[in-house]
Each structure stands twice: as structure tokens, then as C-alpha cells.
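Have a look at the structure below before the remarks.
Every value quoted in this text rests on a predicted model; they were computed, and no experiment measured them. So you know, we letter chains A, B, ... as the sequences are listed, proteins then strands, and number each from 1.
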There are 4 protein chains.
Amino acid sequence: MSSPPTRPVLRARYERRRAEVVAAAARTFAQRGYHGTSIDDLIAATGLTRGGLYHYMDGKEALLIAVLDELMDPLLARTRAILDGPATPEDHLRALTRAWLEHIATHRDHMVVFNQERRTLERDPAWKHIRAARRDFERLLGGVLQRGVEAGAFRTTDPQLTLLALLGMANYTAQWYAPRGRLSAEQIADRYVDLLLDGIRA
Amino acid sequence: MSSPPTRPVLRARYERRRAEVVAAAARTFAQRGYHGTSIDDLIAATGLTRGGLYHYMDGKEALLIAVLDELMDPLLARTRAILDGPATPEDHLRALTRAWLEHIATHRDHMVVFNQERRTLERDPAWKHIRAARRDFERLLGGVLQRGVEAGAFRTTDPQLTLLALLGMANYTAQWYAPRGRLSAEQIADRYVDLLLDGIRA
Amino acid sequence: MSSPPTRPVLRARYERRRAEVVAAAARTFAQRGYHGTSIDDLIAATGLTRGGLYHYMDGKEALLIAVLDELMDPLLARTRAILDGPATPEDHLRALTRAWLEHIATHRDHMVVFNQERRTLERDPAWKHIRAARRDFERLLGGVLQRGVEAGAFRTTDPQLTLLALLGMANYTAQWYAPRGRLSAEQIADRYVDLLLDGIRA
Amino acid sequence: MSSPPTRPVLRARYERRRAEVVAAAARTFAQRGYHGTSIDDLIAATGLTRGGLYHYMDGKEALLIAVLDELMDPLLARTRAILDGPATPEDHLRALTRAWLEHIATHRDHMVVFNQERRTLERDPAWKHIRAARRDFERLLGGVLQRGVEAGAFRTTDPQLTLLALLGMANYTAQWYAPRGRLSAEQIADRYVDLLLDGIRA
DNA sequence: TATGAATGAGCCTTCATTCAT
DNA sequence: CATGAATGAAGGCTCATTCAT
């Protein structure tokens, strides 16, 4: 990867193209898996040539890092911003779930890649910052549940398992969500929160 | 792959070894991903030699098929057996979830592989029967929810989304479940069903 | 590189072929330089196929290491053996120079490679043991000169420069020595020692 | 490479920059070898941009030619100038060795590159003029030894081997000479000549 | 004059698989 | 039965060079 141009005009074009490359990588990794994606798949997805691709990336793994950073960094920032404001645990939970599902909806491919490579991420020391981001997010979410229990708003003997249930159902959304589908991300979030709060028993 | 021996004694040993190979493949695929696993990884995991491995398999992809069949076939059989018996929707739901999580608990690696390769499975015609099995399972599970709603036992405006929520939380278990953990698979199943039925609102 | 076979017969053949590969590498590196040699050059020189080459080596750099080890290890061993025995400084000098030039004569390619890659060797931490071997050899040789001076056998105000002169003339031999040439390695050694001791002034 | 500017001011700047590029190439080739040096290494060493570099050179190989010409041409000219004057063989030898080592001292990188690429130079027809220059220099130097023997000033049964010894020790200087070292190039030359003439025997 | 995006051939290496022994 | 040597296609990546701007 050559260093980015310094002249503003070229710099802007460079950044734009680079973002396209990362987006194409996210899409392709999501479809074929990271290891299942060849550089040729990526050049087909970007329209660049084999060598040209390397203007915009350091290598395949750097692309994976970029995809996962694009997923985690804004989500974590958004999460922290929401939790900075005062609200009841229920409101925090709802706001967080909405933000989360909206982020997944706009980053479906990224999320699918994250789910696919989860195991690799756990093993390799190179991915520490991604693991840390995931853990931070889960802790912040778990904290909301915990405070809800302590405040008497939520009733559950096992907040940890509740957290895992919520993580499972929300993250799974990436596998089936369709942008033009019946429900918006916000609606899905609300229904999930309702489900979690009230259940379905008649 | 040479054809299996016919003499019973040799046949038995052959089958045993083959099962070990599939188990090792499941473990290794789960850790490194299917594409990320090399034949060398498999010979390291099995202790066989390069050539020896090919006595027990037709190739890497055949191994993936075997892993996924070991996951889907018994689960589907078990599911059908449970649904064959008469029970309330709630009892069916609970029995199904228990069987499902117990199966995941004993087939964690298989399930992780399934989750990882999900996208590949959707794309390639070679995987039709795996896709069909997954779809059948989801339909059977969805049917229980549907009947519960129709019978007035469950109250939900969107059984399909409820199904997706349940799929998400249950399948996610494979990512974190530990055999010697605090909760048994059965307990997890029960708490998930309780959660789904009653929610956590105080 | 696959691990060497354990069965003696196969092991022997493996070792023999591996030695051939290293020899071919030495020859080719000497002709074209290490960086100038492609894997295709090596397969042409060995008769192996592209993939087959990797049965006998870990990679191109491992081959370079093997070449340099084949050069340094026996020379250093021989040097130490010679210095273990008692002798006058002049006899030690002569014996050492003979051994050295004979070694160069039978390892011309190795020596040429060493001379070519000298600078790279100095820079990269990966080559520490090669650097150490070179330094040890030079110290042992320098010690002989030093002791000769102390014993009053050699008269030189600058043993270090004398060492460098000797190193220069001897190592240069690899560049022009021809196995079937007018002079044997032993004769060259003797003449170099005579030159060093007595000069050419009429 | 664009053709050099014709307007004197621009021309001068062009020539200056071009000389810097060749110097940087010598330095980098010496450190990493010719084949081991990439264009990126050269742009890093010159501070030019990728495209800018090609304003001052025709390509990588042209740079190598320039480096070697800078080494050989002045040395040969100087050698011929010295030999043009009348002197005893000993004085000629001393003057030549001084000039030679002083040239090496101011062209260490060039000399290192020459030593490294020696084998390549021998093989490729493109390098005929470099080979011819080397051969001419060696012949001129050998001639001095030869005449010394014929004049009865030098006593050696093998002037050719003596020449090779001298070439070895002198050329090797490039590998260890340090500009600010203990000895000047002239001093080294004198000691080498003394050594060659008188030896070190007490 | 100077830039840096773009090229595509070629680099070293790994791969799943076959087959003579 | 079992071995491991051998294959050659394909992998990710770097290269020297060109050229529109």
C-alpha cells in the first residue's frame, strides 16, 4: 500500500476508493468467508486490477481488520454516547438495542464477517483490539441489565444468561435481515425488547 | 477413499477410525474455519499420515458434508420424534428446545462449523440437502409457535420474528457453552423457554 | 517442508536428495545471486517440480542458511582441531591456510554466495549465528598472528591489518579458483603463506 | 527518462540531482544488493517520488551501470595517468596501490556493489564494457609486477598469483574500511605494499 | 516539471490430491 | 493397508515501469 496522497483532491479520491474497497471486501468476505475469498474475488468485486488493489490495502488481513474496525468502532462510540445520558434501565436497553440493530442493518456484511471469524478472532493475538471492543460492548450492555435488576425494574435470576440470549438474537439478525423487508431495524429492536421484557405467554 | 472393508472385524475398525477423522475435522474446522483448515492441520489432528487420511475420506469437502450431516440428521430425527407425540404447544416447545440445546452441547464443534459456513451453504447447489434440513427444522419449530398462537397459548403478533429470536439465542449457545460450565444444556433450555414465555419485567 | 522420513531407506534417499538440492542452490545462488535466483531457477537446477522442491526445503531463505552452514560449520571445526594441536605459529598459520583454501576449493559456490551476501548478513538479526561463525574464524586466525608476533616469529606493527590482508587474498580465491587449474589449493595456500612471510622483494 | 534540459540553469540542477540519485543507488545497492533493492527503496533513499525518480534514470539497470561506470572510469583514467609517467616498478606499484585504495575509500559503496555483482557481470553480454575495464585495470597492474620481475626488482615465481593476492587484499578493503578509521587509505596502501614486498618474517 | 495511480507479469509459497511403492 | 514423494494449480503479494493529469 502506498501512503495516501497529501494533495486534498487526490486524497479525497483516494479515501473514497479505499472505502469502496473495504466495502467490497466486507461484501465478498460475507459471501465466501475470509479464507474462501481470493484476491481475484476481490479484484472482481472492486473492478481494480490485481496490482491496483494493493494501492488501497496492505494485504488481505488488513482488509479484514478494516472491516471489523468499521463494525466495532462506531458501535462502541454510539453505545457510550447513549449510556452517557441519564435514562431508566428500560429506556437505556431500548435505545441501545435500537442503535445496535440499526448498526447491524447498515453493516450486515461486516456483522456476518464478524460472526464467521469469531473463532479465529479469539485465537490470534493480532486481534486483541477487536476482542477488547466486543468485550467492552458486551459489558456495557450487561451493565444495563445488571442495573435494571438492582433497581428492581428487571426480574431475572441470571442476568448473564439474559445477556447471552439478547446477544444471540440480536447478532443473528445479520443473517436474515433484508433492507427492504417487512420490518425496519428499529421495529425489530422494539419487538425484541418487548419480547425480552414481557415474553409471549398469553 | 478406498471402499470400506467387508469383513466385520476390519469394517468395525474402519468405521471407528472414520468417526475419529470426522470428529477431528469438526474440531479443526471449528477452530480454524473450513477454508482455513489445511490437510496438514487434519493429519496433525488425527495422527494419520497424509496418505492414510485419504483412506477414510473422499476429500476435504466430503469431510465437511459428514460433519454437517452428523449435526443435522439426528437433530431432525429427534425433532420429528418429539413432535410425533401429543403435547401442549408449551410442552412441545420446551422438549424441542431441550433436545436442541443438548444436541448443540454434544456437537458444539459441528454447530460452530455450521454457523461459520452458513453463507457458503446458501450459495452452492451441492449443499441442497443441508439447506433442506435446516429449513425443515426451522419450519417444525415455527409450527409449534404457530399452533401455540392459534391455540391461544402464545400471544405474539409476529411468530416469525419470535422464531428468529429463538433461533438466534439457541444457536448462539455453541459459541460460549462450556461442557463443565455452571449450567447444563437442559437448564439453559429451560431458562430460555421461560424467558421467551414470561420475559424479565419485574 | 515435510518432516524427514523415519524409515532408514527412505530417510537415506531423502537426505541424499536434500543435499543435492542444497548443492544446486549453492551453485545457482553463486551464479545469479540469492535475490537474483528464482524458485524456477532452482527447479531447473534440481530437476524437481515447483511443489516438489518444498519437500526438501522450508523456503528460499532456509536454503541460503543451509548453504552458509555447510560453509562455516566444517571450516570452524577444522580450524579448532588444527589449533588444538601444538605447533609453531608459522606451522599453525600454514596448516590453517591450507585447510581454509582446500575448504574454499571444495565449496567455491558456497564461498561466492557468502561473499555476495556479506552485507545482508551483517544487517539482519536472523543471521547472527553465521556472523558469529565468521567472527570466530577471524579471531582464531588473528590469534595465530598475534601469538607469532609475541613469540618473535612475525614482525609486523599491525597484526590486525595483516589479518585483513590475508582474509582478502584467501577469500578472493573463490572468485577465480578452477578445480583443474594450474595450482592445487594446497599450493596456493603455501604460496600465499610464503608471500606473507617473505614478500617479493628481490 | 526525459532528455536532459538544455537551458544551463536547469541543466545544472538536473545533473546535480542525477548524481544524487546515482549516489543513493550506490548506497542502497551496497546495503541490500542490486536485486534486493526495490524502486521503493530507492525513492525512500532519494526522497523523490516514484514518477520523479524516472526523470533521472532510465531504469534500475541503468542505475547499476552508472554506479559501476563511476567506479571504473576514473580509476582506469588515473591508473593510465600514473603509468604514463616514468618510475621504478616499486614506485609505480606504490602509486597505483595508493590511487586504487583512495578511490575505493571514496567509492566504498560502488566497490561493494561491484564485488557483489561480479558474477552477474561475467555472465551477461550487456556488461561487456565493465568487464573490459576490470580486465584492463588488472592487466595494467599485472604489467607492473611483470616488469618488476623482469627488471630484477621483484622476486616471484608466479606474478599472476601475486597479482591475485594483491587484488584480493585491496578489493577486500571496501568491506571493512571506515572513513574515520585508524588508518587513511594511503597508509593502508603503503602497508600493503610493504607487506607484499617484505613479508612479516622476523 | 512532477505526480502517483495503475498495470500485469512474476515472485515465493501452500494447497488438495494422487499414486508408485 | 499404509506411506510419503510428487504434482501443478492457485494462493497472496511485490515488482519495475508507464502515463494521464
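- Taking both residues in full, the closest heavy atoms of A:L63 and A:V22 are given as CD1-CG2, 4.1 Å, listed atom of the first, atom of the second, then distance.
- Among residues at least two apart or in separate chains, side-chain hydrogen bond (donor to acceptor under 3.5 Å, both in side chains) pairs with a member in residues 45-58 of chain C are C:S2-C:H55, C:D40-C:R50.
- Between A:H129 and A:I65 the shortest side-chain heavy-atom distance falls below 4.5 Å.
- The main-chain N or O of D:V113 is never found under 3.5 Å from a side-chain atom of C:R119 such that the two would form a donor-acceptor pair.
- Listed by chain and residue number, nothing satisfies the side-chain contact (heavy atoms from CB on, under 4.5 Å) test with C:A12 (two or more places apart in sequence, or in another chain).
- For residues 54-61 of chain C, proximity to DNA chain E is found at C:Y54, C:G59, C:K60, defined as any non-hydrogen atom under 4.0 angstrom from a strand atom.
- Remark: P of F:dC15 and CG of D:L53 are 14 Å apart, rounded to the nearest angstrom.
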Checklist entry - Which string of ( ) [ ] | and . matches DNA chain F, if you list each base 5' to 3' and count Watson-Crick or G-U pairs only when both distances are under 3.5 Å? => result .||||||||||||||||||||
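- Near DNA chain E, defined here as any heavy-atom distance below 4.0 Å, the residues from residues 11-50 of chain A are A:R17, A:T49, A:R50, listed numerically.
- Here the side chain of C:Y34 pairs no donor or acceptor atom with the backbone of D:H35 at under 3.5 angstrom.
- Going from atom CD of B:E117 over to atom CZ of B:R123 covers 12.0 Å, rounded to the nearest 0.5 Å.
- You'll find the side chain of A:M111 stays beyond 4.5 Å of the side chain of A:R108, heavy atoms only.
- Under the 3.5 Å distance criterion, the side-chain polar atoms of B:R134 are left unmatched by any main-chain donor or acceptor of B:M72.
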Enumerate, atom names and distances included, each donor-acceptor pair closer than 3.5 Å involving a side-chain atom of residues 23-33 of chain D, sequence neighbours excluded.
{"unit_1": "D:T28", "atom_1": "OG1", "unit_2": "D:A24", "atom_2": "O", "d": "2.6"}
{"unit_1": "D:R32", "atom_1": "NE", "unit_2": "D:D41", "atom_2": "OD2", "d": "3.3"}

